[in-house]
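The following block contains the structure, expressed as structure tokens.
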Amino acid sequence: MAQNIQVYAKMADETAAQITGSYQEWTAFLTTAARLYKYPYHEQLMIYAQRPEATACASYDLWNRRMGRYVRRGSRGIALIDMTGDSPKIRYVFDVADTGRTERSRRFELWEYRPEHRQAVSAMLERQYGVSGENGIEEQFEKVAAQRANEYWNDHQRDILSIVDDSFLYGYDDFNVGAAFRSAATVSITYSLMSRCGMEPENYFEHEDFLGIFDWNTPEAVAELGTAVSAINQEVLRQIEITIRQYEREKSAERTEQHGRETDLSAERGLPDPQPGNEPAAGAEPGQVREDAQEVPSGEQAGPVQPPAAVGEAASAPVGDRPDGAPPLGADDAGAGESGRSDGGAESLRPDEVGGPDEQLQGPGGGDHPERAGVRLTQPEPEPADDEPPVQLNLFGSSEGNEQLSLFPTEAQQIQSITEAESAEKAPFAFSVPQEDIDNILRFGSNTADSRMRVAAEFMKQKGALEIVAFLQKEYHGGYGMKGTD
């Protein structure tokens with residue numbers, strides 16, 4: 001295990017030196033990092049080194065337990081070095097393209113910036129950063145990036161100045177190091193924001209805009225720059241994400257309300273509802289809702305970095321472990337590597353809705369994100385002899401070499417586990433109340449005078465289900481109208 005960690009650490013150093021070697025390499029890294037903006041820089045670097053086309057990554061447990069998706073056999077785990085414990089450990093995450101859906105999978109859709117979001121996003125940026133968007137959101141992104149880069153330099157300049165001696169910045173005075181940092185950070189942040197929002201930044205920037213990047217040519221120097229870019233990107237993109245999701249919720253509510261009014265009007269006039277799609281599909285069960293196809297975009301990623309050796313590489317699982325009827329991974333979740341135009345939030349998996357109200361898909365990692373608890377490879381492994389290569393682990397039940405180390409169940413076992421977990425969540429309580437008693441409580445029970453009138457009035461207002469539930473919880477508090485027995 002120690003040797004494997006050394007290999008991955010070397011991979012990270014080599015990749016860090018490589019990404020500042022050319023304009024193409026740096027912008028390719030920024031594109032990958034922008035899709036995975038909820039990861040810190042050092043983990044974005046590891047993902048780029050192994051899977052630059054990754055779209056939305058999460059741990060095995062998050063895919064299984066929270067998203068109800070299984071990890072496909074033969075999938076290659078993306079190794080991340082976890083430095084949070086007493087000693088370094090390797091964690092694996094998987095891209096959404098490595099997973100398949102089951103009947104119990106949660107809806108997974110990453111957020112996407114579209115032209116109709118422009119006004120809402122621009123207004124949010126003006127409120128948060130005091131930067132006007134009157135000349136276009138691209139210029140607004142650049143001004144926000146410059147403002148935050150300057151603030152970051154003021155807060156961290158001592159740390160940055162301490163690591164530039166071995167880089168091309170050696171010999172610069174403090175003022176010029178600061179100017180170089182602000183310039184490099186501003187252009188990198190702006191490129192990242194535009195990339196994640198699908199604005200084709202390569203048409204906005206020129207090669208000369210990135211000449212200052214080449215000065216940050218050591219792993220230590222680029223880590224300082226990359227950490228700043230990553231932190232600011234995460235801050236701004238999370239706010240953009242929240243704004244877009246709020247906009248979509250409001251529009252959805254408006255469409256639902258409008259549809260309800262049209263339906264009521266049709267019913268009052270005795271006319272058929274003109275809205276399409278009201279007839280159930282043949283064979284469909286009452287109340288069945290078809291889940292929208294998930295959108296995980298695809299595209300090409302420039303400048304892939306090939307990882308050394310085959311450490312951490314997952315070989316194929318035993319043939320035949322796919323159960324009959326297991327859903328194949330189709331075009332809706334197979335995409336990877338687009339330029340951030342439609343990666344859909346999962347990021348999140350981040351699934352948003354993976355991981356909470358603001359799409360915390362990007363699963364495991366270090367830092368202050370407890371939701372990133374990945375799979376730890378803590379099984380003891382003997383140190384290889386000097387002439388013996390590291391053990392190549394098969395994440396799904398076999399290995400190349402003398403060790404037999406099975407880390408994850410097969411697809412069939414995962415699907416069974418997902419199904420059992422779902423069933424367990426819906427298990428009844430140890431006691432139950434007959435429906436007749438529940439109906440009587442709702443009809444005749446009350447806590448105060450005129451309670452039933454207030455309940456009737458709330459239903460007549462045609463409020464949403466969540467509002468009705470919240471009202472009933474308050475109205476029927478304290479158990480009034482119920483008499484327990486021993």
### Task
Compare every heavy atom of T190 with every heavy atom of F141, then report the nearest pair and how far apart it is.
O-OG1, 4.1 Å
#### Entry: Heavy atoms from other residues, nucleotides or ligands near OH of Y204 exceed 12 (cutoff 6.0 Å)
yes
### Task
Hey, could you give me the CD/CG distance between Q239 and L237, rounded to the nearest 0.5 Å?
9.5 Å
### Task
Indicate whether any N or O donor in one side chain lies under 3.5 Å from an N or O acceptor in the other, for N217 and T20.
no
### Summary
Y92 and G77 have their tightest heavy-atom pair at CD2-C, 3.5 Å
### Query
Parallel under 30°, tilted from 30 to 60°, perpendicular over 60°: which one fits the rings of F29 and Y41?
perpendicular
### Task
Using atom types as modelled and distance alone, determine if a side-chain donor or acceptor of R35 lies under 3.5 Å from a backbone N or O of A56.
no
## Note on the structure
Here the pair of heavy atoms bringing E25 nearest to Q18 is OE2-NE2, 3.1 Å
### Message
side chain to side chain donor-acceptor pair (under 3.5 Å) for Y48 and E43? Distances and angles first, verdict last.
### Response
CA-CA 8 Å; Y48 177 72; E43 293 182 346; over 6 Å; no
### Query
Does F94 offer a backbone N or O that forms a donor-acceptor pair with the side chain of D98 under 3.5 Å?
no
## Note on the structure
So CD of Q128 and OG1 of T243: to nearest 0.5 Å the spacing works out to 8.0 Å
### Query
Are any non-hydrogen side-chain atoms of V121 and E241 less than 4.5 angstrom apart?
no
### Message
Could you check whether any side-chain N or O of D165 sits under 3.5 Å from a backbone N or O of Y170, counting only pairs where one atom can act as donor and the other as acceptor?
### Response
no
### Task
Check whether any side-chain N or O of S183 sits under 3.5 Å from a backbone N or O of A179 as a donor-acceptor pair, and report yes or no.
no
### Task
Give every residue pair that meets the salt bridge (Lys or Arg N to Asp or Glu O under 4.0 Å) criterion with at least one member in residues 209-236, sequence neighbours excluded.
R148-E235
#### Entry: Polar side-chain atom of S195 near backbone of L30 as donor-acceptor pair, under 3.5 Å
no
### Task
Identify the heavy atoms of E126 and Q140 that sit nearest to each other, and give their distance.
N-NE2, 3.6 Å
### Message
Between N233 and S192, does the side chain to side chain donor-acceptor pair (under 3.5 Å) criterion hold? Intermediate values first, please.
### Response
CA-CA 7 Å; N233 283 341; S192 299; 3.3 Å; yes
### Task
Would you name the heavy atoms of F181 and A228 that are closest together and state the gap between them?
CZ-CB, 3.6 Å
### Task
Take R51 and M46, measure what side-chain contact (heavy atoms from CB on, under 4.5 Å) needs, and give me the verdict at the end.
CA-CA 8 Å; R51 294 284 292 280; M46 289 295 293; over 6 Å; no
### Query
Would you say the side chains of D61 and S59 form a donor-acceptor pair under 3.5 Å?
no
### Query
Do you see a donor-acceptor pair shorter than 3.5 Å between the side chains of E250 and Q246?
yes
### Message
Distance alone, cut at 3.5 Å: any donor-acceptor contact between the side chains of T27 and E202?
### Response
no
### Query
If we only count heavy atoms from C-beta on, is the L125 to V236 side-chain gap below 4.5 Å?
yes
### Message
Looking only at side-chain N and O atoms, does Q50 offer a donor or acceptor that is under 3.5 Å from a partner on Y8?
### Response
no
### Task
Say whether, by atom type as modelled, one donor and one acceptor occur between the side chain of Q44 and the main chain of S230 under 3.5 angstrom.
no
#### Entry: N176 versus D173, side-chain donor and acceptor atoms under 3.5 Å
yes
### Task
Check whether the side chains of W26 and S188 place a donor and an acceptor atom closer than 3.5 Å, and report yes or no.
yes
### Query
E208 and Y23: side-chain donor and acceptor closer than 3.5 Å?
no
### Task
Taking Y191 for its side chain and T31 for its backbone only, find out whether a donor-acceptor pair lies under 3.5 Å.
no
Between side-chain atoms of residues 154-161 and protein atoms elsewhere (two or more places apart, or another chain), which donor-acceptor pairs fall under 3.5 Å?
from	atom 1	to	atom 2	distance (Å)
N154	ND2	N150	O	3.3
H156	ND1	Y152	O	3.1

### Query
So, N64 versus Y60: side-chain donor-acceptor pair below 3.5 Å or not?
yes
